[in-house]
Structures are given as structure tokens and as C-alpha cells.
Amino acid sequence: MFCNNCGASVADGTQFCPNCGASMGQPQQPQYNQAPQYNQAPQYNQQPQYNQPPQYNQQPQYNQPPQYNQPPQYGQAPQYGQPQYVAVQGMAWYKFLIYFALFAGAVLNAISGIMALTGAQYYNADLVYRYFDGLQIVDIIMGIACLGLAALGVYARFRLSAFRKDGPKMLNTLYILVAAVNILYLVVAMAVIGAELDASSVVASGIGSVIMICINTTYFNKRAHLFVN
């Protein structure tokens, strides 16, 4: 073996070089930097975990379209709780009654009542009442009845204008009482006077009321949904 320091030949097993005295120990191998540990290669026997593709046998869940109001199904009963639209109906006759006819009728009945109470319908009331005993009492009763009809006409007018449920019935009641009072007055007055009762006068007194009752009944039956107060 040779000395590592001076290169002299040294016997095997010698610990120190006889020439230079250097130790004959085994030189240590230099510690080189270890090779860097690179990322290991992927294990090819395992499949990489990719994002799963969508399942094409299933339909994608899109946002549901908004549910619009369905058009009405004709022939089916209406669904209560939803607004029900009512066809607009004419109210010209109703306006004529509450703004003119009932007020005018009340005024005419009031005038007739005052004239009957005072005897103003006669040219000479005192002479008529002296000649026909009991006629003045009949006229007084008729006058009070006419004033009552005037008040009832105004009351029926306000019941109708407020769309009260009993408004149309009150109106028909008014026309029934008007016909009854006029016919009764003719019958009693003719009996007191002693004259023969003319049937045409009785019919004429009631025909107007009958026509008005028929018109109003048909008209307000079609608009019963308005009078609910």
C-alpha cells in the first residue's frame, strides 16, 4: 500500500507512514450531495381520477320555467279564491231611477198629498165637502197616504244608491203601494159620491205600476250580484 500523504510504499497494516508519519487510516469517501428527490412518476397501474363525465342517461336539471296563469278552461267550474271578473253591465236605468224618477215621484206624491189634505184639487172644496158627506175624510186619509209614499220613495232611492240588498225589493214595494192606494181611493171616493166605478180608471191607475214592477224585477235580477250590502 502507499501513503496517502507522501506516496511512499508502506507495508500492509501499518497505521502510520514511516516516511512522513501520516496516519494510514482509510480515507473517507466524500459525501456528495444526494440526488434530489424528484416527484415520483405516476403509478400507471392506477387510473388517474378525472372529473366524472355527466350521466347522459339522466336529463340535466334546468331551472323550471315560471308558471304563468293558465287561461280559463271553459266548461269547468270557476276556482274560488281567484279573482272572478264580471262582465260590465249597463247601469243607465239605475241612474235614471236614483237621480230622477224616484225624486220626481216623491215630489208628485207630496204635492198630491198636500192637495188632498187641503182640498185644493176642487174648485170649491167647502161646497163639495158639504154636498158629499164623508168625502173630506177620504181625502185626508189619501193625503196622509200620499205623503207616506213620498217618504218611502226617498227612502227606496237611498237604499238603491247604497247598493243595499233590499233596495230592489223596496222599489217594487213602493210601486205596489202606489197602485193599491190609487185604486182604493177611486173605489171609496166613487162609493161616497154615489157614482158608478169605471173599470178603465182602475186599470189605468194600476197599469203603470205593473209595468214598472216587471221592468225593475227583470233589470235588477240580472244585477243582483251588485246589491250585497
Side-chain angles (χ1 to χ4, degrees), residues 72 74-78 80 83-122 135 137-193 195-229:
Y74 299 100
Q76 294 183 358
Y80 299 101
Q84 300 294 322
Y85 299 98
V86 179
V88 177
Q89 294 175 316
M91 299 297 288
W93 178 253
Y94 167 80
K95 294 178 180 179
F96 169 75
L97 287 174
I98 65 173
Y99 292 125
F100 176 74
L102 289 173
F103 279 131
V107 171
L108 291 177
N109 281 322
I111 294 173
S112 298
I114 294 172
M115 291 180 66
L117 288 172
T118 59
Q121 72 270 31
Y122 305 117
L135 182 60
I137 297 176
V138 175
D139 285 344
I140 291 174
I141 295 174
M142 179 61 178
I144 295 173
C146 287
L147 293 178
L149 292 174
L152 183 60
V154 174
Y155 179 73
R157 185 268 173 198
F158 284 106
R159 299 298 287 182
L160 282 176
S161 63
F163 292 94
R164 298 295 183 182
K165 189 174 183 179
D166 62 344
K169 293 181 180 179
M170 188 66 64
L171 180 63
N172 285 338
T173 301
L174 172 65
Y175 288 118
I176 291 173
L177 291 177
V178 168
V181 168
N182 288 331
I183 293 172
L184 185 61
Y185 175 75
L186 283 176
V187 172
V188 176
M190 292 298 103
V192 170
I193 294 174
E196 183 178 356
L197 181 63
D198 186 6
S200 61
S201 299
V202 176
V203 173
S205 299
I207 192 66
S209 294
V210 172
I211 293 173
M212 291 298 292
I213 291 171
C214 293
I215 293 173
N216 290 329
T217 299
T218 303
Y219 181 84
F220 287 107
N221 281 344
K222 295 180 180 180
R223 294 159 179 80
H225 59 279
L226 299 175
F227 296 87
V228 295
N229 295 335

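At least one side-chain heavy atom of L160 sits less than 4.5 Å from a side-chain heavy atom of L102.
Within the structure, ring-ring contact (aromatic ring centres under 6.0 Å, His included) contacts touching residues 160-181 (residues at least two apart or in different chains) are Y94-F163, F163-F227.
Considering every non-hydrogen atom in both L147 and L117, the closest pair reads CD1-CD1, 3.8 Å. Scanning all heavy atoms of the two residues, the minimum distance from A110 to A150 falls at N-CB, 3.8 Å. Closest approach of I98 to R157, counting heavy atoms only: O-NE, 2.7 Å. Heavy atoms only, all atoms of each residue included: S205 and N182 are closest at CB-CB, 4.0 Å.
A distance of 10.5 Å separates CE in M115 from CG in D139, rounded to the nearest 0.5 Å. A distance of 11.5 Å separates CG in L97 from OG in S161, rounded to the nearest 0.5 Å. We find the CZ-OG1 distance between R223 and T218 to be 10.5 Å, quoted to the nearest 0.5 Å. The CD1 atom of I193 lies 4.0 Å from the CE atom of M190; values are rounded to the nearest 0.5 Å.
For F158, there are no ring-ring contact (aromatic ring centres under 6.0 Å, His included) partners at least two apart in sequence or on another chain. The ring-ring contact (aromatic ring centres under 6.0 Å, His included) search around Y185 returns none, not counting sequence neighbours.
Judged by distance alone, with hydrogens and angles left aside, the side-chain atoms of R159 form no donor-acceptor pair with the main-chain N or O of L171 at under 3.5 Å.
I213 pairs in a side chain to side chain contact (heavy atoms under 4.5 Å, CB included) with only one of the listed residues (T217, V210, N216), which is T217.
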